[in-house]
Amino acid sequence: MRLLACGQVVSKTRVPAHGQVLRVGLRAVGDTERDASPASPEGDCGDGRCGLIKRPGDLYEVLAFHLDRVLGLNRSLPAVARRFTSHLLPYSYTNGSRRPIIWWAPDLQHLEDANNDQNSCALGWLQYQEMLRPRGSTSVAGDAPCSSIPHGEWSRLALFDFLLQVHDRLDRYCCGFQPDPSEPCMEEMLHEKCRNPAELVLVHILVRRSAPSRLVFIDNAGRPQHPEEKLNFRLLQGIDSFPAAAVATLQSGRLQSLLLESLHVDRELWESQGGAKGLRPLLRTIDRRARILLRYIQERGLTVFEDLSC
């Protein structure tokens with residue numbers, strides 16, 4: 001986080017098919033060893049000293065990172081808010097606006113299929129639901145897609161995505177609620193596919209080569225303004241248990257205070273949102289969703305599991 005917040009930008013490169021996203025190489029303050037070597041994105045990123053600078057509107061990704069840590073999930077990549085001044089960056093990146101910068105994990109595993117390179121494994125909605133059916137073990141048959149990922153990982157993902165209302169991974173078609181005409185799923189005519197579940201696929205299902213049994217959560221900005229009456233419960237479909245530590249945190253009544261304590265570390269985000277007073281409405285929204293999730297768990301008699309893989 002210190003590297004992301006304070007590191008000097010030494011290189012940049014565009015990310016294909018992601019218009020306003022730049023991948024930058026970073027040099028830590030006082031890193032004299034790297035001062036003598038020429039900067040290149042490939043060299044910088046291979047050793048884990050790179051970040052993705054995203055749009056100002058993606059600042060909620062920083063909040064998502066802190067929520068992930070407060071709940072003990074530890075599946076999101078580190079993210080901080082930052083203002084940039086480097087002469088290497090375009091003016092729109094240095095005009096004083098705060099942007100999120102997300103750590104670039106050098107060993108994220110991508111499919112070689114150019115049309116599906118945002119996944120580590122190809123998984124359809126029906127395959128996913130079949131995989132979640134209880135089998136008395138933690139994982140599915142070894143020849144199934146995503147078979148290296150245990151059931152508990154999907155539980156963590158569903159809990160996280162419900163609290164933030166991240167639809168892109170599990171329900172990019174908006175099948176779980178009635179979308180507004182301005183929603184991307186409507187503009188791209190994805191919602192029409194909800195009539196044929198066999199056509200639905202999951203996206204951003206990623207793991208690292210160094211930890212193929214742990215999901216990595218990316219693009220986590222979610223929908224802080226998503227109305228409560230349209231909460232997407234489809235994100236929870238097929239999940240029958242949740243991580244005990246995360247559920248205990250939701251039950252503690254301390255979620256808002258824990259998030260404030262964590263967010264206070266990121267001064268740029270804290271100031272951009274107007275401090276605790278400005279953050280409160282957003283945190284209350286997440287807290288309300290947490291209470292709705294707890295009621296959902298209780299009414300259906302769902303269980304919790306001890307998390308041994310944090």
Side-chain angles (χ1 to χ4, degrees), residues 4 13 15-18 21-23 41-42 45-55 58 60-69 71-79 100-125 127-129 131-132 138-140 142 144-173 184 190 200-222 235 238-239 243 246 307 309-310:
L4 294 173
T13 184
V15 177
H18 291 75
V21 177
L22 280 180
R23 189 178 73 181
E42 291 73 19
C45 295
D47 61 10
R49 288 185 277 192
C50 272
L52 284 182
I53 305 177
K54 304 187 81 170
R55 301 168 301 179
D58 294 323
Y60 291 121
E61 286 216 39
V62 181
L63 169 69
F65 165 69
H66 286 268
L67 176 65
D68 170 276
R69 293 307 192 265
L71 294 177
L73 302 175
N74 302 319
R75 297 300 186 269
S76 299
L77 300 174
I101 177 168
I102 321 295
W103 182 61
W104 173 272
D107 64 340
L108 273 185
Q109 192 170 304
H110 295 274
L111 290 172
E112 294 182 3
D113 181 355
N115 295 319
N116 196 15
D117 66 348
Q118 288 300 299
N119 286 316
S120 298
C121 52
L123 191 62
W125 172 257
Q127 290 173 306
Y128 169 63
Q129 288 299 303
M131 188 172 65
L132 294 178
T138 56
S139 59
V140 297
C146 305
S147 60
S148 67
I149 302 172
H151 280 195
E153 291 298 293
W154 304 109
S155 300
R156 295 180 188 90
L157 177 64
L159 180 146
F160 184 72
D161 280 4
F162 182 81
L163 293 177
L164 294 167
Q165 288 295 291
V166 176
H167 303 153
D168 294 346
R169 275 185 280 263
L170 299 173
D171 186 22
R172 67 188 301 241
Y173 308 90
L190 295 175
L200 310 181
V201 297
L202 277 57
V203 296
H204 293 159
I205 304 304
L206 292 165
V207 299
R208 296 174 66 181
R209 284 187 290 274
S210 57
S213 63
R214 290 167 60 105
L215 288 172
V216 176
F217 303 166
I218 69 164
D219 289 352
N220 301 322
L235 304 174
I239 302 296
D307 198 342
S309 60
C310 290

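As a basis for the values below, the full set of heavy atoms in this structure was taken, side chains included, without hydrogen atoms, waters or symmetry mates.
Put simply, the side chain of Val207 reaches to within 4.5 Å of the side chain of Leu215, judged on heavy atoms. Taking the side chain as every heavy atom from C-beta outward, Arg172 and His204 never approach each other to under 4.5 Å. Side-chain contact between Pro106 and Asp47: absent, with no pair of heavy atoms (C-beta onward) separated by less than 4.5 Å. Considering only heavy atoms from C-beta on, Asp219 comes within 4.5 Å of Glu61 through its side chain.
Every ring-ring contact (aromatic ring centres under 6.0 Å, His included) that Phe162 has, sequence neighbours left out, goes to Phe233. For Gln127, the side chain to side chain contact (heavy atoms under 4.5 Å, CB included) criterion is met by Leu123, Pro145, not counting sequence neighbours. Arg208 pairs by the side chain to side chain contact (heavy atoms under 4.5 Å, CB included) definition with Trp103, Ala105, Asp107, Leu108, Ser210, Val216, not counting sequence neighbours. Legend: residues meeting side chain to side chain contact (heavy atoms under 4.5 Å, CB included) with Ala246, ordered by chain and number and at least two apart, are Leu71, Leu73, Leu159, Pro243. Every residue two or more places apart in sequence or in another chain was checked for a side chain to side chain donor-acceptor pair (under 3.5 Å) with Arg209, and none qualifies. Here Phe160 pairs with Phe217 under the ring-ring contact (aromatic ring centres under 6.0 Å, His included) rule; sequence neighbours left out. Listed by chain and residue number, Ser76 satisfy the side chain to side chain donor-acceptor pair (under 3.5 Å) test with Asp68 (two or more places apart in sequence, or in another chain). Residues forming a side chain to side chain donor-acceptor pair (under 3.5 Å) with Asp161 (at least two apart in sequence, or on another chain): Arg169. In this view, Tyr128 and Trp125, Trp154 satisfy the ring-ring contact (aromatic ring centres under 6.0 Å, His included) rule, not counting sequence neighbours. By the salt bridge (charged side-chain N to carboxylate O under 4.0 Å, His left out) test, Arg55 is found to be paired with Asp58, residues two or more places apart in sequence or in another chain being considered.
Closest approach of Ser155 and Ile239 over heavy atoms only: OG-CG2, 3.7 Å. Residues Ala79 and Ile102 approach most closely at CB-CD1, 3.5 Å, considering heavy atoms.
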Practice task
In sequence, state the C-alpha distance, the side-chain angles, and the governing distance for Leu4 and Trp104, and then conclude on side chain to side chain contact (heavy atoms under 4.5 Å, CB included).
Solution key: CA-CA 10 Å; Leu4 294 173; Trp104 173 272; over 6 Å; no
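Within the model, atoms CG of Asp171 and CG of Leu235 stand 6.0 Å from one another, a figure rounded to the nearest 0.5 Å. The CD atom of Glu153 sits 11.0 Å away from atom CD1 of Ile205, with the distance rounded to the nearest 0.5 Å. Atom CD1 of Ile149 is separated from atom SG of Cys121 by 4.5 Å, given to the nearest 0.5 angstrom. To the nearest 0.5 Å, the span separating CZ on Arg214 from OG on Ser148 amounts to 12.5 Å. Between the CG atom of Asp168 and the CD1 atom of Ile218 there is a distance of 10.0 Å, given to the nearest 0.5 Å. Considering CG of Asn119 and CG of Leu206, their distance stands at 6.0 Å, rounded to 0.5 Å.
At distances below 3.5 Å, at least one donor-acceptor pair connects side-chain atoms of His151 with backbone N or O atoms of Met131. Arg156 contributes a side-chain N or O that, together with a main-chain N or O of Gly152, makes up a donor-acceptor pair within less than 3.5 Å.
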